[in-house]
Structures are given as structure tokens and as C-alpha cells.
Amino acid sequence: MSEQNGNLLSVKNLRTYFETEDGTVRAVDGISFDLKRGETLGIVGESGSGKSVTNLSIIRLIPSPPGKIVSGEVLFHGEDIMSLTQEEVRRIRGKRISMIFQDPMTSLNPFMRISKQLMEITELHLGHTREQAYEHAVKMLETVGIPEARARANDYPHEFSGGMRQRVMIAMALSCEPELLIADEPTTALDVTIQAQILELIRKLKEETGTSVILITHDLGVVAGMTDDIIVMYAGKIFEQAPTTELFAAPGNPYTKGLLKSVPDPADDEGAELYQIPGLPPDVAHLSPNQCPFAERCYRAEDICRREFPPFVQLNAEHFSLCHFAEEVYADSRAGRGDAPAGTTQGGDGR
């Protein structure tokens, strides 16, 4: 698809593999999606599902070796990022596409003042003088809610709390007013109150600037009120793709239903057992191409799931699910039936 369809970004058949001693890890294995201008896309799934690798691939930050983007297109404004030179990609990365990384303490240089780290970005991409860059850095810190920003600008990262460091990362990511912001687990390791503040900050800045956002998380609860569309990933593949309201109302994949059931419900009785998807995520270096990678953990699995890789079923105009029984699961969800068994614990067969 092209920009004429209203898409800022189109990812087509993206594959990123890592060569390891245990074999080839297909971390991202043939995924495709579109992101429209001004919209927010959520990418969810358990740890190791390929969420972060997908977005590092988009901005070509995969370490090589051991990683390699094997195939696919990433069309930004209709131009394939995969075909650009490293210098051309550097002119896009940080300016037109920015990323908030998962852990601000390891992303910020502990030996450099916050102001210097912010100044480097605008000096490089916007051609600011030292004075202009410093004033812009203070302005961005004020924008993201750092109190006494001018005084705090010359502090070091360790002098900020976790939530404040995350705000600094957001300030850095937004310094050049990017068209696309990728937020990789922006609330990891933050307490619930700070999580809410960070998510609200991203939402507010998106509305003010018109920036498109990709929000990566393992928590469906985080994306519930933040996104327009959701992609559910598992074992390097897209398992379900739908508008956010549609996916929450009527999931069409057993894996998605398991993730939804794993979100704590305030209405549950005190002491109620929290549902867990049984088993563990698969070893993606040794996946069989002839079965569903979720089959051994799935409450709905049958023999066909262990013999044939599932089709990507279109449930309606914008809703797709990778499952042999997608239509049945979707129909049960719409009818309010067919939930995964209550109280299943990790390690059980779930069926």
C-alpha cells in the first residue's frame, strides 16, 4: 500500500532472523501491517514474541551479526527504508522516526548531562547552534513536565527518578517533531501512577503534534484506551489484527483470549485466582513449519493444529486471525461464549 491510501507506514512481509549456536531464530517471520497518519497502533504479546525486533527492524537497528533483516519492505511515505543507504537512514532516524527505548537508564549516557544529550539531537538534525540547542532542550523538558526544567537540565541521569528519566526519553524522541513515534514498553518498571502519567503524556503530545504512534507492550490493559488498532504477536508472527474496540469486544484467536483473561479484573472476588496461559512460549529456533506454534498451549487445539500451519482468516473488513478455528472462536466471542477454562495454571495443557 502507498501513502495515497492514507498510510504513513506500510510494512510488508518483514523477516528478521538471528543466527545462534542453537540454530536460526526467526524473531520476526513474515509480518505485514499499515499505520495511518495520526493514528496509534498497539503491538502486544508475551516477551519474546517479536514486538521489539519488529520495530528495531523498521528503523534498521538490528545488530549484525548475529541479526539480519532477511526480506521485506518498510515503506515510509512510500519510500522503502530497506533500500536506503545507512546515511539516508540516519537522516530519518531520530528526526522523522523516533523511538522511546525500553529502559531509560541504559539508553541515557550516565556520564553526560541531560541537556547535552538533548542538545546533540537538534544540533545534528535541525542545525541548531549550541545556544539554540540548549534553549530547545529546556523547552522540551518543560513540555514533558519536568519541574524547574532549566535548573534540572544540567543534572545527570542518576539524579532523576525512573518516571522522570522516562520523561527525558520522551523529550529526546519528540525534539525534532517526528512524524512517527515508536514507544517500546514505555511504562516498564514504573509504578501504576507513573505509568498512567506517562501514557497520558504520550497521548497529549500525539494530539498536539499529530504524530503517529506505535505502542509496544505485553499488557493489553495499557493499550485499551490508547490505540486505534492492535496487532497481537506470537512466535514472530501476527496472530490477530483488528481495530482496538473490535478486538476487545470479540477476539478471534485463542491466544488473544488468553491474554485478555490474564488482565486482572477489579470486579473479581478477593482471592480469585489470576488466569495464566498454560505452558511457556516456544523456542523459535526449533519451530515446526507444519503446526501452529501456539498448539501446545491452546485450549482449542485439535489434531489439525499439530499437522498444518493455520491460515490467516479474514473475519470482517479489518479483523484477521491466524487460527484454524478463527471463525468459531470469533462467533463464540460475539455470543459471549467459549472462554478459556477458568483457573488454568501455568504448565497445564489448558484443554
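Quick caveat, the model's predicted, so the values are computed rather than measured.
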Q. Does the side-chain contact (heavy atoms from CB on, under 4.5 Å) test come out yes or no for Glu87 and Arg91, once each step is laid out?
A. CA-CA 6 Å; Glu87 182 58 35; Arg91 284 199 288 267; 3.5 Å; yes
(Q) I'd like to know whether Phe320 forms a side-chain contact (heavy atoms from CB on, under 4.5 Å) with Ile231, so could you lay out the CA-CA distance, the side-chain angles of the two residues, the decisive distance to 0.1 Å, and finally the verdict. (A) CA-CA 10 Å; Phe320 300 84; Ile231 286 172; over 6 Å; no
Q: Begin from the C-alpha positions of Arg306 and Glu296 and carry the test salt bridge (Lys or Arg N to Asp or Glu O under 4.0 Å) through to its verdict.
A: CA-CA 8 Å; Arg306 299 177 180 86; Glu296 298 307 317; 3.1 Å; yes
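No side-chain donor from either of Thr122 and Ser175 sits under 3.5 Å from a side-chain acceptor of the other. When only modelled atom types and interatomic distance are considered, Asn13 and Ser32 share no side-chain donor-acceptor pair under 3.5 Å.
The environment of Glu177 atom CD is sparse: at most 12 non-hydrogen atoms of other residues, nucleotides or ligands sit within 6.0 angstrom.
Put simply, the side chain of His128 never gets that close to the backbone of Glu135: no donor and acceptor are under 3.5 Å apart. For His218 (side chain) and Ser49 (main-chain N/O), no donor-acceptor pair under 3.5 Å exists by modelled atom type. Formation of a donor-acceptor pair under 3.5 Å by the Ser333 side chain with backbone atoms of Ala250 is not found in this model. Using modelled atom types, no side-chain atom of Glu240 and backbone atom of Thr256 make a donor-acceptor pair closer than 3.5 Å. Arg93 places a side-chain N or O within donor-acceptor distance of the main-chain N or O of Arg60, the cut-off being under 3.5 Å. Between the side chain of Gln314 and the main chain of Asn316, a donor-acceptor pair closer than 3.5 Å is present. A donor-acceptor pair is defined here as one N or O able to donate and one able to accept, closer than 3.5 Å; such a pair exists between the side chain of Thr211 and the backbone of Pro178. Side chain of Gln117 to backbone of Met112: a donor-acceptor contact under 3.5 angstrom is found. Counting only distance, with no hydrogens or angles, the side chain of Lys51 and the backbone of Glu46 share a donor-acceptor pair below 3.5 Å. Judged purely by atom type and a 3.5 angstrom limit, Arg167 uses its side chain to pair as donor or acceptor with the backbone of Val144.
Ser262 has its side chain out of reach of Leu274: every pair of non-hydrogen atoms, C-beta onward, lies at least 4.5 Å apart. Side-chain atoms of Leu9 and Ile58, non-hydrogen and from C-beta on, do get closer than 4.5 Å to each other.
Residue Val313 is not grouped with residue Phe325 when hydrophobic side chains (ILVMFWY) are merged at heavy-atom distances under 4.5 angstrom, including chains of intermediate members. Hydrophobic clustering (ILVMFWY, side-chain heavy atoms < 4.5 Å, transitive): Val222 and Val263 are in one cluster.
Looking at Arg300 and Glu302, a side-chain N of the basic residue comes within less than 4.0 Å of a carboxylate O on the acidic one, giving a salt bridge. Ionic pairing of Glu142 and Arg150 is not present here: no N-O contact between side-chain nitrogen and carboxylate oxygen is shorter than 4.0 angstrom. Lys204 has no carboxylate O lying under 4.0 Å from a charged side-chain N of Glu207, or vice versa, which leaves the two without a salt bridge.
Residue Glu179 forms a salt bridge (charged side-chain N to carboxylate O under 4.0 Å, His left out) with just one option from Lys36, Lys95, Arg96, and that option is Arg96.
Classified by interplanar angle (parallel below 30°, tilted 30° to 60°, perpendicular above 60°), the ring pair His319/Tyr330 is perpendicular.
The two residues Phe312 and Ile238 make their nearest non-hydrogen contact at CE1-O, 3.7 Å.
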